[in-house]
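Let me begin by presenting the structure, written as structure tokens, before commenting on it.
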Amino acid sequence: MADDTKMLYSLLLCICYLPVALSFLFENNPFVEKFTAPVISKIQFDGTKNYAFAATQGSNVAKRDEVGVGNLLYNRKKNRVLKDGEVPSLKPGDKASPFRLWTLSGIFEYPNNQLNNKSVIIHYFDPVNSAFLECLWNSDEAIIPIIKSDPYTQHLFIPMTDNLQALYGAKWMFNRINVLAKRVLRSETEVNAKMDQFHFSVLSLSKLGNWLPTLLREWECVDHNCGYDQVLFQAGNTEYPIVLKRLDAHYDWLRSPVSTFGNKTLPVVLTNSDGCQPSSTVNGSVALVNSGGCSYFKKVQTMHASGASAVLIMQNQTETPQDMNCQDNECTVPLSIPACMIENFNFDAKSHLNVTFQNTPSPSFFAAIDPQGALQEVGWFLYPSMSFINWQTQWFQYKRNLTQQLQKPAHIVSVFQEQVMQGQTGVVVNISTAELKGFQHLELDMSLSCPGERDTTCGHWDHGISLFVCCNPNSTLCGMEIGRWISPFRRRVGRWITDISPLLPMIQNNQSDTCTFTMKTAPWAMPWIPSLNLRLYKTSESTAPSETFVLYQPGATFDKHYNSHFKPFNFIPPADVKKVVIFAVITGHGSDENGCGEFCVTSHHFSVNGHINNITFSEAGTPLGCANQVLTGVEPNEHGTWLYGRNGWCDGRNVFPWVIDITQQVSLNKHNQITYFGWFNGTDPNPKQNPGMISIYSYLVYYRS
């Protein structure tokens, strides 16, 4: 970041903190002249008279707009126009009402023809109170992702500061993105096209005169870099506390101080050092160290070894908050104490300090209007990066593609809609078999929501969700699994289509009048609200699945005995069989010293008469293995470690079946044999402790004319 830009950014913070003092210092409002003087990378501020006039007109228009737009806000439940002074209640999924926004480039109006089928992301800019946002906007690496994002999404940036500071904030944000766009993109045309996607409000949140402030305040948040993360210091010789903003270490490196300590008050030791050398004074206390001198890992490791309960790293006077993270092999070293960066403050070296970690709720930093015009949450930002915005817009693209897929004509059987799934029983529904016959193609259309209207009401942990079916109690196929999903961490927007056409014989080849469908998750999991439709098609294909046999399930512990659980499967396909496939779903769970089976790379092999068919889950354990699959249906911006690749699955998505056409590997009217085995690192697993497990269900399927 250029020195002049850093200087101006620091000036912005000073202005935001001291507007009253500055107004007092400059009589006859020469503060306006002072404010408009700087040049930000060739972007000259408007003249004071012109801007003063524009600000006045903008305020008047905003007030008129408040009345006009206010009349367009509806109470969704009662379907009536809101009265003057009545506050709307805005929920995810509600239709976004029209609004106007005064921006650097003119008035932005929603809706308009240029926004058809485009999403709108709303950004709230408050670096004064949020170390997360300050870090985000001062990191080139954090901003560049939205410059490389899709060419359709529109971004609205709204500053928190009032009056002239809002204009300064708008121009500062414009400059940050524009400078980086010129660095990243190849031509001036591309830069201009990209900048047309960004709209910077010249009015602060409290002066917009529309419903956006209500939305952001009503959707206030307090967790995972939303809300104001703070430290509250109390000194023995002072009457009042000091509250400073803080930025916790990277989410997947160290524990959160709030989750570790709650609201406890802890003793602090001022080391008066950079924390790179051991200290005998910090044992049992929170160590306050200076930035610089060594890596963040070295500081935390050293203070951890010295007995500190946590580490506070104080910025120097010229730096902004940093996203503290480990690097490479450092990340494998276990450290059990929290760490965070705090803003610079001049403490009395003789003070006896205590600290409390707290979070003050804030307006939501982000919200969205999807391409269909509905309000949507954006989820949780696990660290300061605009990549989370890109993942959300990719989700909108996935949902658009899914909507097109759902418009394909099909015979739809509603199994259940918005049923509560919890406990041992799950959701159990009987469906008439008469509705299921005469089709050659079958898809599961499953959506997953939560008991409440917000993401915060969703289950805190990821769990497997399975669908079982029984159409003939006397069949070996009764109660077998036919679909699997993994629940997300605290998100409620999932919907997926899974093609299970090879399993059609399980619901068609029986004499019963009903099929019983059972969907369940871990009995101790928080409740979810699933819905399930069967989508059945007739096709012009010459063959269709006609007979299904159980191969291997439900899996086994992934240790040195794993492969001994799976015996050879022998079969003789009749002469009228036209096609033979293996249908398998395989997922790894748990964690031994190698991360198996959830985060380790495993391979799985079906040998058919000596012909090897194998699959390797190579994305397992990679930092963005699942984040890079949002376009395949992964729910983005979940609360937990959803970004990491998993062993055959991702949080917040259906598990994809592995379908193997083995027709050319079998002999009709003769004995054939299938064997299965799973490997870690090219051989049998052999963990030393806490072995994980592989969960598998698989079938052999015959197709006939």
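If you're wondering where the values come from, they're calculated on a predicted model, not measured in any experiment.
The nearest pair of heavy atoms linking F569 to L700 is CE2-CD2, 3.7 Å. When every heavy atom of F468 is checked against every heavy atom of G479, the shortest pair comes out as CD2-O, 3.3 Å. When all heavy atoms of W395 and P636 are compared, the closest pair comes out as CB-CG, 3.6 Å.
The line from CG of N401 to CG of L631 is 7.5 Å long, rounded to the nearest 0.5 Å. Rounding to the nearest 0.5 angstrom, the gap separating the CZ atom in F606 from the CD1 atom in I615 is 10.0 Å. Within the model, atoms CZ of R535 and CD of E443 stand 6.0 Å from one another, a figure rounded to the nearest 0.5 Å. I500 contributes atom CD1, which lies 4.0 Å from atom CG of L442 (distance to the nearest 0.5 angstrom).
Side-chain N or O atoms of N533 include none that pairs as donor or acceptor with a backbone N or O of L444 at under 3.5 Å. Proximity of a side-chain donor or acceptor of Y552 to a complementary backbone N or O of Y699 within less than 3.5 Å is not detected. Under a 3.5 Å cut-off, the side chain of D592 and the backbone N or O of Q689 do not form any donor-acceptor pair. In this structure, Q665 contributes its side chain and I662 its backbone to no donor-acceptor pair below 3.5 Å. Not a single donor-acceptor pair under 3.5 Å links the side chain of T457 to the backbone N or O of C450. A donor-acceptor pair under 3.5 Å is absent between the side-chain atoms of N613 and the main chain of I660, judged by distance alone.
Residues L536 and L436 have side chains in contact (heavy-atom distance under 4.5 Å, counting atoms from C-beta outward). In this structure, the side chains of M446 and S531 stay at 4.5 Å or more apart for every pair of heavy atoms. When side chains are defined from C-beta on, F517 counts as touching L534, because their heavy atoms get closer than 4.5 Å. V601 is not listed as a side-chain neighbour of F599, based on a closest heavy-atom distance of 4.5 Å or more. A heavy-atom distance below 4.5 Å is not found between the side chains of F566 and F677. P530 places none of its side-chain heavy atoms less than 4.5 Å from the side chain of W485. A heavy-atom distance below 4.5 Å is not found between the side chains of F132 and Y383. L402 places a side-chain heavy atom less than 4.5 Å from the side chain of I497.
Ionic pairing of R454 and E377 is present here: one or more N-O contacts between side-chain nitrogen and carboxylate oxygen are shorter than 4.0 angstrom. Electrostatic pairing of R646 and D651 counts as a salt bridge here, judged by a charged N lying under 4.0 Å from a carboxylate O. Ion pairing of D248 with R255 is absent here, as no side-chain N (NZ or NE/NH1/NH2) approaches a carboxylate O to less than 4.0 Å. Here D576 pairs with R704 in a salt bridge; the nearest charged N to carboxylate O distance falls below 4.0 Å. Between R492 and D455, no side-chain nitrogen of the basic residue sits less than 4.0 Å from a carboxylate oxygen of the acidic one, so the salt-bridge criterion is not met.
The aromatic rings of Y676 and H604 lie parallel to each other, with less than 30° between the two planes, well short of the 60° mark. Taking the six-membered ring for Trp and thresholds of 30 and 60 degrees, H589 and W649 have nearly parallel ring planes, at less than 30 degrees apart.
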Report the C-alpha separation of T516 and N430 in whole Å, then their side-chain angles, then the decisive distance to 0.1 Å, and conclude whether the side-chain hydrogen bond (donor to acceptor under 3.5 Å, both in side chains) test is met.
CA-CA 4 Å; T516 301; N430 292 322; 2.6 Å; yes
Which is it for S501 and D499 under the side-chain hydrogen bond (donor to acceptor under 3.5 Å, both in side chains) test, yes or no, and what are the steps along the way?
CA-CA 6 Å; S501 297; D499 186 345; 2.7 Å; yes
Determine whether S487 and D462 satisfy the following criterion, side-chain hydrogen bond (donor to acceptor under 3.5 Å, both in side chains), listing intermediate values before the conclusion.
CA-CA 5 Å; S487 66; D462 53 340; over 6 Å; no
Please test Q673 against N570 for side-chain hydrogen bond (donor to acceptor under 3.5 Å, both in side chains), starting from the C-alpha separation and ending with a verdict.
CA-CA 4 Å; Q673 187 177 83; N570 298 297; 3.0 Å; yes
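Under the 3.5 Å distance criterion, with hydrogens and angles disregarded, a donor-acceptor pair is assigned to the side chains of E481 and S466. Side-chain contact, N614 with S603: no donor N or O sits under 3.5 Å from an acceptor N or O. A donor atom on one side chain and an acceptor atom on the other are not found under 3.5 Å apart for S512 and N472. For the residue pair D559 / T557, no side-chain donor-acceptor distance below 3.5 Å is found, with atom types taken as modelled.
Ring-centre distance between F388 and W380: not below the 6.0 Å cut-off. Aromatic ring centres of W642 and W391: separated by under 6.0 Å. Under the 6.0 Å cut-off for aromatic ring centres, Y537 and H441 qualify, their centroids lying closer than that. A ring-centre distance under 6.0 Å is found for H411 and F439. Under the 6.0 Å cut-off for aromatic ring centres, H671 and F571 do not qualify, their centroids lying 6.0 Å or more apart.
Residue K560 places its NZ atom among 12 or fewer non-hydrogen atoms of other residues, nucleotides or ligands, all under 6.0 Å distant. When the shell of 6.0 Å around CD of Q417 is examined, it contains more than 12 heavy atoms from other residues, nucleotides or ligands.
The cationic group of R653 lies under 6.0 Å from the six-membered ring centre of F656 and within 45° of the ring axis, placing it in a cation-pi geometry.
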